[in-house]
Each structure stands twice: as structure tokens, then as C-alpha cells.
Protein chains: 2
Amino acid sequence: MAQQPDTVTRILDTAEVLFAERGFAETSLRHITSKAKVNLAAVNYHFGSKKALIQAVFARYLDPFTVRFHAALDELEARHAGGVIPLEALLETMARSVLEVPAERHSLKVFMRLLGLAYSQAQGHLRRYIQEEYGSVFTRFTELVRLATPDLPDAERFWRLHFMLGTVIFTLSGLDALRDIAEKDYGERVNVRDLVRRLRPVVVAAMNAPLPEPAPAQREVG
Amino acid sequence: MAQQPDTVTRILDTAEVLFAERGFAETSLRHITSKAKVNLAAVNYHFGSKKALIQAVFARYLDPFTVRFHAALDELEARHAGGVIPLEALLETMARSVLEVPAERHSLKVFMRLLGLAYSQAQGHLRRYIQEEYGSVFTRFTELVRLATPDLPDAERFWRLHFMLGTVIFTLSGLDALRDIAEKDYGERVNVRDLVRRLRPVVVAAMNAPLPEPAPAQREVG
DNA sequence: GGAGTTTTCAAACAAATGTTTCCAACCACA
DNA sequence: TGTGGTTGGAAACATTTGTTTGAAAACTCC
């Protein structure tokens with residue numbers, strides 16, 4: 001550990017930005033190491049492999065997030081001792097936890113973009129890793145949402161949570177491109193907090209939307 | 001054109017499936033050509049490059065889609081001659097147009113996954129290509145949405161449309177992974193049409209959500 | 001200050017990638 | 001049947017990829 005950023009830290013800092021910009025497969029170790037001004041072999045020395053580097057990049061965000069989110073849920077449960085936590089409070093708490101973490105590290109934009117990539121890119125190992133390491137806090141959250149929305153069928157709630165996950169990740173991870181359009185067309189420069197403010201009523205309304213009409217007799221589709 | 005699928009067609013059929021499964025960078029031409037049982041050089045001979053192949057895969061979906069969507073909007077405008085087309089009708093028409101196209105070709109799942117990849121993967125050339133080739137139909141659509149939602153500030157409508165785009169693309173493009181979870185946990189095997197049915201009320205509710213509280217005095221955020 | 005460990009570095013490695021070449025096979029049309 | 005243009009195919013090409021190697025350098029600790 002030196003006062004000048006550590007080699008490990010320099011690699012992580014550079015890698016997360018490049019991954020966020022270009023994706024995992026499209027970012028070579030040589031690109032990372034040259035921009036980070038470290039030797040090519042440093043990645044394999046410190047992390048073991050490129051896969052492990054990718055996971056380490058995620059861990060640096062997700063570890064503090066899960067800690068904070070668990071703590072925030074603890075506090076929320078204590079405040080509503082025994083009772084049901086309203087949906088708005090749950091969503092609010094999640095939003096706050098997500099917003100807090102990168103503030104002490106790097107940009108939320110990068111974090112969300114990485115999450116978006118984790119979903120969309122192949123990288124089966126990544127999805128498996130995230131599921132195994134951080135699935136529990138998400139399970140806890142969905143259980144609380146279940147209590148807050150007793151009228152929603154389980155399957156419907158499952159899908160709506162993922163709808164909203166898509167809304168948030170997609171928007172925030174594509175923020176850069178969209179921001180430019182929005183600024184040009186509407187003269188309004190948005191930042192992440194601004195978007196979260198806009199997202200709040202949309203997400204609440206979506207979760208509280210009326211149930212869909214029941215499925216008709218179905219024929220299979222590819 | 002032979003009675004046995006054309007070489008070009010075999011390449012496209014195989015490529016779109018592999019691209020959807022693994023992404024563009026992660027799918028090699030050798031993988032495509034060997035699975036399609038065509039020679040490696042066939043891709044460069046018929047398409048010129050891998051980039052061009054990727055665009056051709058998209059064109060095979062997007063060309064019929066834009067034709068149908070324009071036609072559907074023509075009909076919708078004629079039916080509401082002079083008047084405003086309700087938001088539900090617009091969303092319904094778009095959903096129907098999206099659903100129709102792959103029915104005559106291949107799976108909607110592949111189509112949506114490709115769209116998701118187009119958004120999330122680097123592949124700058126792809127986003128540019130899609131924007132240039134197919135941007136006009138979307139401009140037309142958003143203008144109709146504007147007329148249908150006169151109370152929504154322009155910027156708010158812009159963002160909400162993108163929220164919903166995220167909802168749809170994210171969910172449908174990650175369908176395979178989510179479907180397995182949903183089936184295991186809720187014993188319910190969903191298909192794409194099923195999800196579209198679930199999406200309908202959510203999207204409508206989200207677009208009609210109350211306006212967010214006005215922005216407080218803002219401090220900048222990365 | 002020197003033994004022992006950790007970290008850095010340049011170089012090489014094997015494998016995989018997109019692309020090109022060159023020739024054979026095919027096919028329509030005279 | 002022969003000719004000209006199109007398609008198919010095996011091989012090679014030049015790069016780029018992640019990873020490994022082995023030795024030099026830096027650091028730790030007694």
C-alpha cells in the first residue's frame with residue numbers, strides 16, 4: 001500500500017471505466033494495463049485472470065452496497081416494528097442505498113452501466129457470481145416487498161420488480177447517450193439524482209398498476 | 001435461391017441465434033459458419049465483414065417491422081381522422097407490430113435480445129446504423145405520443161418513454177434467465193406474449209403516473 | 001545489511017480472431 | 001459444348017487475445 005494509488009487500485013479504477021464504456025469482451029487487458037500505466041502481467045499476478053478481475057470490479061461496488069442496504073433494511077424494520085413497511089419506503093430505501101455507495105467511490109453512472117452489462121452480456125460466470133454472492137439481500141428485499149403488496153400475485157410481483165429493474169438499469173446505464181439528446185431537445189441538463197426523482201412516481205405507479213387481464217388460451221411461441 | 005436454405009439465409013439464421021445467445025464480440029465467425037455448415041469465407045464473401053453481417057441480421061427484423069409499423073400508424077391515423085389517438089391505442093399498435101414481425105420469421109425472444117444487445121454492447125456502428133436507418137419511424141411515434149399526452153411536459157414524456165423502453169427491452173432480452181427463475185419459484189412457464197400481456201397495464205400506469213415533485217435546489221452529482 | 005518475500009517488468013507463448021487468397025465447382029446462356 | 005460470371009472451399013495471413021515465464025527490482029524484517 002503506497003500513498004500513490006496502488007497497482008491493484010489503479011487497475012480496478014481503469015478497468016471499471018473501460019468495462020463500462022465498452023463491455024467486457026471488447027476491453028482487452030492490454031488496453032487496461034497501458035491506460036493504468038501498469039505492466040500487462042500485473043492483472044494476472046494480482047487477480048489471476050480476466051474473469052476474476054471483472055468480478056473484483058463488481059465486488060468493489062456490491063460489497064459496500066449490500067452492507068449498507070442490509071443496514072438500511074434493519075433500521076427500516078426496526079422503525080416499523082412488527083408492522084408492514086410501505087412500498088414507497090422500501091423503494092426509497094433501496095434508491096438511497098444505491099445512491100450512497102458510489103458517492104464514496106466513483107460515479108453511479110459507471111455502477112449502473114456495469115449492472116446493465118452484467119445482465120446483457122454473455123459472461124455466464126458473472127451472473128452466477130453476482131447471484132451467489134449477493135442474491136441474499138435481494139431475496140430479503142423481495143420478501144419485504146411481498147408483505148407490502150399482499151394483493152399482488154407472487155408471479156406478477158416478480159415480473160413487475162424485474163420490469164422496474166429494467167427501467168432503472170436501462171435508463172441509468174444509458175444515461176450518457178440519453179442525456180445529450182434530452183439536453184439538446186429540451187434544454188434541460190439532468191443528473192442522476194434528477195432521474196431518480198423522475199423515476200419515483202413512475203415506479204410506484206407501475207407497481208400499483210391494475211392486474212393484467214387473464215391469459216387467453218395460449219398457443220406456444222418460440 | 002435453392003429449395004435447400006440458401007447459404008446467405010443459413011448464415012443469417014445461425015448468426016442471429018448465436019448473437020442473441022452470446023453477444024456479438026463473443027460470437028466468432030468460425031462458430032457461425034461451422035454451425036451453419038458453410039465455409040468460413042462465405043461470410044466475408046456474401047456480407048463483406050462481420051460488422052455488415054451484424055447489420056444484416058438487424059435489417060432482416062427491422063425492415064419488415066418499420067414497414068408494418070408505419071402501415072399500422074397510417075391506419076390508426078385514418079381511423080382517428082384529425083382527432084387525437086389515445087395513448088393505449090398507440091402502445092397497443094406498437095406492441096402488435098413488434099409481435100407480428102418475428103411470427104413470420106423467427107422468435108421474438110431473439111429479436112428483443114438483439115435489441116437489448118444493440119443498446120448495451122459497445123458496437124458503436126450498430127447504434128449509429130439503427131438510428132440512421134430506422135430513426136424516422138420512432139420520431140413519428142413519439143410525436144403521436146406527444147399529442148396523446150398533452151399534459152405531460154416534453155422532457156417528462158421523453159424520459160418516461162425511455163423508462164418504458166428499458167422495461168420492455170431489459171425484460172424481454174433477459175427473458176431466458178428470468179424465465180427459469182420464475183418457473184422454478186412460481187411454477188409458471190411464461191412466453192413472450194404472456195409477458196407482453198403483463199407489461200401492458202404497467203406501461204400505461206407508468207406513462208400516466210403523477211408528475212414528480214419539482215427538483216430541489218441541486219448540487220451537482222457525477 | 002542481507003536473506004526472504006513480494007512486486008514489477010519485458011518477452012515470449014499458444015490459441016483464437018477477422019480477413020484474404022487462389023483455385024475448383026457450379027450454373028446460366030450462347 | 002464451351003464460355004463467363006458467380007459461388008464454394010481449403011489454406012494461409014496478419015493481428016490480437018489472455019496467459020505464462022524467468023529474471024530484475026523493491027520491499028520487509030530481523
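Letters go in sequence order (proteins before strands), and every chain restarts at 1.
Within 4.0 Å (heavy atoms only), A:Thr27 reaches sugar-phosphate atoms of the nucleic acid but no base atom. Counting any heavy atom pair closer than 4.0 Å across all strands shown, A:Ala42 reaches no nucleic acid atom.
A salt bridge is defined here as a Lys NZ or Arg NE, NH1 or NH2 lying under 4.0 Å from an Asp or Glu carboxylate O, and A:Arg160 with A:Glu156 meets this definition.
Between A:Asn39 and C:dA10 there is a side-chain N or O to OP1 or OP2 distance below 4.0 Å. OP1 or OP2 of C:dG18 has not a single side-chain nitrogen or oxygen of B:Asn44 nearer than 4.0 Å. The shortest distance between the side-chain N/O atoms of A:His46 and the OP1/OP2 oxygens of C:dT8 is below 4.0 Å. At C:dT7, none of the side-chain N or O atoms of A:Thr7 fall inside 4.0 Å of OP1 or OP2 (strictly under the cut-off). Between C:dG18 and B:Ser49, no contact under 4.0 Å exists linking OP1 or OP2 to a side-chain N or O.
Regarding A:Ile32, its CD1 atom lies at a distance of 15 Å from the C1' atom of D:dT16, rounded to whole Å. When rounded to the nearest whole Å, the span between CG of A:Leu29 and P of D:dT19 equals 6 Å. The distance between atom CZ of B:Arg30 and atom P of C:dA15, rounded to the nearest whole Å, is 14 Å. Taking atom CG of B:Leu18 as the reference point, atom C1' of C:dT17 lies 16 Å away to the nearest angstrom.
Of all the heavy atoms in A:Lys50 and A:Thr27, the pair that sits closest is NZ-O, 2.7 Å.
Of the candidates D:dT19, C:dA10, C:dT19, the closest approach to any side-chain atom of A:Ala41 belongs to C:dA10. Of the candidates D:dA12, C:dA11, D:dT17, C:dA11 carries the atom nearest the A:Leu40 side chain, counting heavy atoms from C-beta on. Minimum atom distance to the side chain of A:Ser28 is reached by D:dT17, of the listed D:dT17, C:dT19, D:dA10. For B:Lys50, the side-chain atoms get nearest to C:dT19 when compared with the rest of C:dT19, D:dG18, D:dT7.
For the residue pair A:Asp63 and A:Tyr134, a side-chain donor N or O sits within less than 3.5 Å of a side-chain acceptor on the partner. Judged by distance alone, the side chains of A:Arg157 and A:Thr149 do bring a donor and an acceptor atom under 3.5 Å apart.
A 6.0 Å sphere centred on CZ of B:Phe138 holds no more than 12 heavy atoms belonging to other residues, nucleotides or ligands.
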